Peer 1: 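I have a structure I would like to understand better, so I am pasting it below and will then ask my questions one at a time.
No experiment lies behind these values; they were computed from the predicted model shown. Atoms within each ligand, like the ligands themselves, are counted from 1 in listed order.
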Amino acid sequence: MHIKDAVFLEDLCPKFRFRQWRKSIHRFTGKSCIYCGKPSESIDHVIPRSQGGLSKTENCVPACLSCNGDKSDENALYWYRRQKFYDPRRAMAIRAWLEGDLRLAIRLLQWANPNFKEKNKNYEKDQSEYKAA
Ligand SMILES: [Zn+2]
């Protein structure tokens, strides 16, 4: 049997590939909403499809249903800035994610996680004044 004859499950079943992709997105954040940190139950388009946003990893983030529904088809970066749970570290993470730097995004999210022990309080204070993102 030649390799070109091989039939891959993914090719046979696009839904399977889609499910795997969705799972991998949720895994990046440990299944928590990129905006508020609650359990992620959906995939949100940072730049909505209605504004030309693509369904690729860089534009798709794990989100809880509440954030996803509330945001609707607004640009996530604008929407997020108005939220009560706004955190500049998460805003930076969303931006890094959008730019395809998932490693940086995940580091920022871990840092924004309330369970994450803060070592440098001064730096955190500086960051809370970072509103120009
Ligand atoms: Zn949320």
Side-chain angles (χ1 to χ4, degrees):
M1 181 167 147
H2 298 290
I3 190 77
K4 66 180 166 98
D5 295 329
V7 175
F8 293 100
L9 182 59
E10 290 187 347
D11 296 329
L12 211 59
C13 181
K15 261 187 184 166
F16 176 78
R17 184 161 48 191
F18 183 65
R19 251 197 335 255
Q20 291 300 108
W21 172 74
R22 286 181 70 102
K23 262 192 194 166
S24 74
I25 299 257
H26 286 288
R27 248 197 315 267
F28 284 129
T29 63
K31 293 181 181 152
S32 71
C33 174
I34 198 166
Y35 305 116
C36 71
K38 285 181 193 150
S40 60
E41 299 142 319
S42 62
I43 301 277
D44 184 47
H45 287 74
V46 178
I47 296 168
R49 272 175 292 193
S50 63
Q51 291 175 27
L54 299 173
S55 293
K56 55 178 188 170
T57 303
E58 289 88 333
N59 192 42
C60 291
V61 295
C64 69
L65 288 176
S66 161
C67 286
N68 201 342
D70 187 54
K71 179 187 154 275
S72 187
D73 64 349
E74 230 190 298
N75 181 310
L77 291 164
Y78 295 119
W79 169 83
Y80 183 56
R81 237 178 284 174
R82 295 197 312 269
Q83 303 311 305
K84 278 194 296 252
F85 49 80
Y86 175 84
D87 184 318
R89 293 164 298 193
R90 285 187 182 276
M92 284 191 283
I94 296 163
R95 197 166 280 264
W97 189 297
L98 202 55
E99 284 165 2
D101 194 346
L102 263 66
R103 279 222 325 246
L104 175 63
I106 290 158
R107 273 227 302 272
L108 287 161
L109 288 170
Q110 284 170 342
W111 184 32
N113 186 320
N115 300 322
F116 188 79
K117 293 258 187 289
E118 197 62 62
K119 281 178 185 160
N120 191 335
K121 295 282 178 201
N122 291 330
Y123 189 51
E124 189 185 23
K125 206 177 144 201
D126 290 342
Q127 289 302 302
S128 68
E129 285 154 24
Y130 180 77
K131 291 265 158 77

Peer 1: Less than 4.5 Å apart, side chain to side chain, heavy atoms only: is that true for I34 and V46?
Peer 2: no
Peer 1: How many angstroms lie between atom CD of Q20 and atom NZ of K23, to the nearest 0.5 angstrom?
Peer 2: 5.0 Å
Peer 1: What protein N/O/S atoms are found closer than 2.8 Å to the Zn ion (ligand 1)?
Peer 2: C33 SG, C36 SG, C64 SG, C67 SG
Peer 1: Specify whether Y86 and Y80 have parallel, tilted or perpendicular ring planes, treating 30° as the upper limit for parallel and 60° as the lower limit for perpendicular.
Peer 2: tilted
Peer 1: Taking W97 as the fixed residue, which of L108, N59, L102 is the one that meets the side-chain contact (heavy atoms from CB on, under 4.5 Å) rule?
Peer 2: L102
Peer 1: Are I43 and H26 packed together at the side-chain level, in the sense that at least one heavy-atom pair is separated by less than 4.5 angstrom?
Peer 2: yes
Peer 1: Find the distance between OG (S40) and NZ (K31) and round it off to the nearest 0.5 Å.
Peer 2: 8.0 Å
